[in-house]
Amino acid sequence: MKAPVRVAVTGAAGQIGYALLFRIAAGDMLGPDQPVILHLLEITPALPALNGVVMELNDCAFPTLHGVVATDDVNVAFKDVDFALLVGARPRGPGMERKDLLEANGAIFAPQGKAINDHAKRDVRVLVVGNPANTNALIAQQNAPDLDPRRFTAMVRLDHNRAISQLAEKTGALNTDIAKVTIWGNHSSTQYPDIHQTTVKGKPALSLVDQTWYENDFIPVVQQRGAAIIKARGASSAASAASAAIDHMRNWALGTAAGDWVSMGIPSDGSYGIEPGVIYGYPVTVSNGSYEIVQGLEINAFSRARMDATDRELREERAAVEHLFAKR
Ligand code: NAI
């Protein structure tokens, strides 16, 4: 067994937390030979519920769970952590404008970014799941001036997995037959699920499905899947979101498969003409723990328009929260 690593999860007593913690503790994220110490952060009123979750975690007697810290103090939660999954966020209330939502989340993600800056390991890997995930990740990153900005990422992996599943179902293939799906941009309804480079059993996906299905069914189904789950289940996607968070962190830590890539929300370096600095969904490969944007993909006019639209939304979101950034 390796030495244990510390994994922080915020919003740990919430829905996603309940689907996520047991899988991290069981070794699904970092492997069966990597013990973890969980650092669980909640708001004070949720600490009794969190205590119940900790009791259940202990009752599983997981071989890979070497300790649990449960706290409502951000400075304790991020002390010496190697991984941080920021799940807890302020949901949109009735009649709440996007601007108010961004502001309310700024009050959560600015102090968390600062606490990560002050207390986490210097090579911490941060994944923001709480919505609006891309801009929350930017707020946290901009309050952590001592850390490499590339340590802050946002989750578009659930959208990526949804796209794989939709395409597998349509073509009668297995999920594992699908490669090179991309989610460009924001984890919102402006995201662009792109299958121009995608293959199904090695064949171009767009030679197996018609353009009308791609434009009128596939893209809106993937974009609006979150709302469809809420309508069907009466609650938002939690288990699939937790599973995607595990996938994101596992690939970031352990690498991506040869001949394939994954989608991660990462700080734009200007690749593909996207505004530098915004946290944008890109196709990436990971080796030796470091992600790289897949370069040189051909972008047609159809894709360009959609990639620019989601870029525009992210630039607008950034403009609305810039006052929350720490001065460098
Ligand atoms: P939930 O409401 O069940 O749980 C959220 C938890 O966060 C609550 O227990 C709450 O007490 C806690 N919390 C709130 N503020 C906190 C703070 N400052 N520090 C620590 N904990 C705090 O919500 P659920 O279903 O677990 O979802 C969490 C977030 O994930 C939501 O913002 C949701 O929109 C987002 N989400 C993102 C997805 C993605 O693909 N990026 C997919 C699905 C959900």
Side-chain angles (χ1 to χ4, degrees), residues 8-22 38-54 69-78 84-93 96 98 101-116 126-140 143 153-163 183 185-191 193 222-230 233-249 262-266 279-281:
V9 178
T10 73
Q15 271 212 93
I16 294 177
Y18 198 67
L20 178 63
L21 300 178
F22 297 86
L38 289 173
H39 284 221
L40 309 180
L41 180 70
E42 259 298 345
I43 52 172
T44 313
L47 284 181
L50 181 60
N51 186 41
V53 177
V54 174
V69 175
T71 181
D72 59 358
D73 180 344
V74 278
N75 299 316
V76 174
F78 296 120
L85 293 90
L86 309 187
V87 178
R90 175 77 192 273
R92 189 187 290 238
M96 202 172 181
R98 194 163 179 92
L101 180 73
L102 289 164
E103 191 73 35
N105 278 290
I108 295 173
F109 288 88
Q112 289 186 358
K114 184 172 185 323
I116 290 170
V126 182
L127 167 63
V128 177
V129 174
N131 280 320
N134 300 52
T135 297
N136 286 342
L138 183 66
I139 295 170
N143 283 278
T153 66
M155 191 164 95
V156 293
R157 185 59 175 267
L158 179 53
D159 313 295
H160 179 98
N161 289 348
R162 285 165 172 166
I183 304 296
N186 202 0
H187 171 69
S188 76
S189 57
T190 67
Q191 66 174 265
V222 174
Q223 286 172 331
Q224 288 154 31
R225 187 69 161 180
I229 304 266
I230 293 175
R233 210 172 81 85
S236 64
S237 33
S240 53
S243 196
I246 298 259
D247 290 345
H248 178 114
M249 283 305 210
V262 297
S263 306
M264 282 172 67
I266 59 169
I279 308 282
Y280 191 90

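Predicted model only: the values in this text are computed from it and were never measured. In listed order, ligands and their atoms are each counted from 1.
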>> I'd like to know if Arg90 contacts ligand 1, where contact means a heavy-atom distance under 4.0 Å to any ligand atom.
In response: no
> Heavy atom of Ala238 under 4.0 Å from ligand 1?
Replying inline: no
In terms of residue, atom name and distance, what is the protein heavy atom nearest to [atom]?
| atom | answer |
| --- | --- |
| atom 18 (N) of ligand 1 | Ile108 CG2, 3.5 Å |
| atom 3 (O) of ligand 1 | Gln15 N, 2.9 Å |
| atom 33 (C) of ligand 1 | Asn131 ND2, 3.8 Å |
| atom 38 (C) of ligand 1 | His187 NE2, 3.7 Å |
| atom 9 (O) of ligand 1 | Glu42 OE2, 2.6 Å |
| atom 4 (O) of ligand 1 | Gly14 CA, 3.3 Å |
| atom 37 (C) of ligand 1 | Val129 O, 3.0 Å |

> atom 7 (O) of ligand 1: protein heavy atom closer than 4.0 Å?
Replying inline: yes
Test of understanding: given a 4.0 Å heavy-atom threshold, classify the contact between [X] and ligand 1 as side chain, backbone, both, or neither.
| X | value |
| --- | --- |
| Ala12 | neither |
| Gln112 | side chain |
| Leu158 | side chain |

> Taking all atoms of both residues into account, what is the closest heavy-atom pair of Ala154 and Ala137, and its distance?
Replying inline: CB-CB, 4.1 Å
> Do you know the tightest heavy-atom contact between Gly281 and Val156?
Replying inline: CA-CG2, 4.2 Å
What distance separates [X] [atom1] from [Y] [atom2], expressed to the nearest 0.5 Å?
| X | Y | atom1 | atom2 | result |
| --- | --- | --- | --- | --- |
| Ile279 | Thr153 | CD1 | OG1 | 8.0 Å |
| Asn161 | Arg225 | CG | CZ | 12.0 Å |
| Phe78 | Asp73 | CZ | CG | 10.5 Å |
| Asn136 | Gln112 | CG | CD | 9.0 Å |
| Leu102 | Ile139 | CG | CD1 | 6.5 Å |

Which of these, [options], has its nearest heavy atom closest to [atom]?
| atom | options | answer |
| --- | --- | --- |
| atom 22 (C) of ligand 1 | Val53, Ile43, Thr10 | Ile43 |
| atom 44 (C) of ligand 1 | Ile16, Val74, Val156 | Ile16 |
| atom 28 (C) of ligand 1 | Ile229, Leu101, Val87 | Val87 |
| atom 14 (C) of ligand 1 | Gly11, Ala89, Ala245 | Ala89 |

As an exercise, identify every atom of ligand 1 less than 4.0 angstrom from a heavy atom of [X].
| X | answer |
| --- | --- |
| Ala13 | 9 (O) |
| Ser237 | 43 (C) |
| Ser236 | 25 (O) |
| Ala241 | 42 (C), 43 (C) |

>> My understanding is that only one of Thr10, Leu47, Val69, Leu21 makes a side-chain contact (heavy atoms from CB on, under 4.5 Å) with Leu40; could you say which?
In response: Leu21
> Of Asn186, Asn134, Asp159, which meets side-chain contact (heavy atoms from CB on, under 4.5 Å) against Gln191?
Replying inline: Asp159
> Got more than 12 heavy atoms from elsewhere within 6.0 Å of CZ, Arg90?
Replying inline: no
> Would you call Val262 and Asp247 a side-chain contact if the rule is heavy atoms closer than 4.5 Å?
Replying inline: no
> With a 3.5 Å cut-off and no angle check, do the side chains of Ser237 and Arg162 form a donor-acceptor pair?
Replying inline: yes
> Under 3.5 Å, side chain of Glu42 to main-chain N/O of Ala13, donor-acceptor pair present?
Replying inline: yes
